[in-house]
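Worksheet for the structure shown next.
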Amino acid sequence: MDSIRMLEVMLGIPGVHVCRTGEVDGEVRLWIETSVSAPRCLICDSPADADGRELTDLGEYSAMGQPVHLVWQRRRWRCSKTSCAVSFVEQGEEIATFQERSPHRGGDAL
Ligand SMILES: [Zn+2]
């Protein structure tokens, strides 16, 4: 098992991948993303196209006794229908569930 896969198992958030890891100011930081495929528009139910990412700071959690800082690379989508073209970000229920059950060590809540 490679180390990224091990981190994903440790976090245990269904469908969430660790994109990269790094150290920022002496703390371990993990950038995560969901495996969601293209969703439908919330307004008109047309297919939505990827429209970039935005970073959501999930704060610090414990993983095997070590503080890890999670940053969610949240997907932004835009409706493919030009008359609608509404833009929205993914919601990530699994991430919200993870936050509820995990000891939070500070940072911004969703
Ligand atoms: Zn739409």
Side-chain angles (χ1 to χ4, degrees):
M1 192 185 281
D2 64 38
S3 58
I4 293 280
R5 181 69 195 125
M6 218 157 94
L7 287 167
E8 289 171 355
V9 169
M10 254 161 49
L11 287 172
I13 314 174
V16 163
H17 300 290
V18 174
C19 313
R20 63 191 174 102
T21 64
E23 227 182 280
V24 180
D25 301 329
E27 67 175 11
V28 176
R29 190 163 289 212
L30 304 182
W31 285 264
I32 61 172
E33 67 175 12
T34 66
S35 55
V36 70
S37 52
R40 315 287 299 186
C41 173
L42 303 176
I43 309 297
C44 71
D45 202 40
S46 297
D49 297 325
D51 190 28
R53 303 284 178 105
E54 56 185 65
L55 297 179
T56 298
D57 189 338
L58 299 180
E60 259 183 39
Y61 293 87
S62 285
M64 294 174 76
Q66 297 296 314
V68 295
H69 200 115
L70 298 181
V71 180
W72 179 15
Q73 300 189 145
R74 209 166 185 174
R75 292 162 207 268
R76 176 165 280 285
W77 303 95
R78 183 176 295 279
C79 178
S80 60
K81 196 168 150 190
T82 44
S83 60
C84 174
V86 72
S87 175
F88 57 97
V89 287
E90 65 173 322
Q91 292 310 306
E93 279 167 39
E94 289 84 1
I95 289 176
T97 305
F98 165 80
Q99 288 187 294
E100 277 165 26
R101 64 152 207 245
S102 302
H104 195 214
R105 298 170 62 106
D108 295 332
L110 280 183

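Worth knowing before you read on, the calculation uses all heavy atoms, side chains too, and leaves out hydrogens, waters and symmetry mates. Keep in mind that this is a model prediction, so the values were computed, not measured.
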Discussion item. Quick check for you: to the nearest 0.5 Å, what is the distance between R29 atom CZ and E60 atom CD?
Written reply: 8.5 Å
Discussion item. Any side-chain to backbone donor/acceptor pair from R78 onto S87? Under 3.5 Å, distance only.
Written reply: no
Worksheet item: Short question: side chain of S46, backbone of C79 - any donor-acceptor pair under 3.5 Å?
Response: no
Worksheet item: Is S35 reaching over with its side chain to a backbone N or O of G15, donor-acceptor style, under 3.5 angstrom?
Response: yes
Worksheet item: Rounded to the nearest 0.5 Å, how far does CH2 of W77 lie from CG of D49?
Response: 8.5 Å
Discussion item. Under a 4.0 Å threshold between the charged nitrogen and the carboxylate oxygen, would D45 count as salt-bridged to R40?
Written reply: yes
Worksheet item: Between CG of L58 and CD1 of I32, what distance do you get to the nearest 0.5 Å?
Response: 5.0 Å
Worksheet item: Are more than 12 heavy atoms from other residues, nucleotides or ligands located less than 6.0 Å from atom CD of E27?
Response: yes
Worksheet item: So how far is it from R5 CZ to H17 NE2, rounded to the nearest 0.5 Å?
Response: 8.5 Å
Worksheet item: Hey, mind stepping through D57 and H69 against side chain to side chain contact (heavy atoms under 4.5 Å, CB included) and telling me if it holds?
Response: CA-CA 8 Å; D57 189 338; H69 200 115; 2.7 Å; yes
Fill in: Rounded distance (nearest 0.5 Å) linking atom CZ of R76 with atom CZ of F88
9.5 Å
Worksheet, complete the sentence: Taking every heavy atom of Q73 against every heavy atom of E90, the minimum-distance pair comes out as O-OE2, 4.0 Å
Fill in: Where I4 and V18 come nearest, the two heavy atoms and their spacing
CG2-O, 3.5 Å
Fill in: Distance in Å, R75 CZ paired with T34 OG1, rounded so as to fall on 0.5 Å steps
4.5 Å
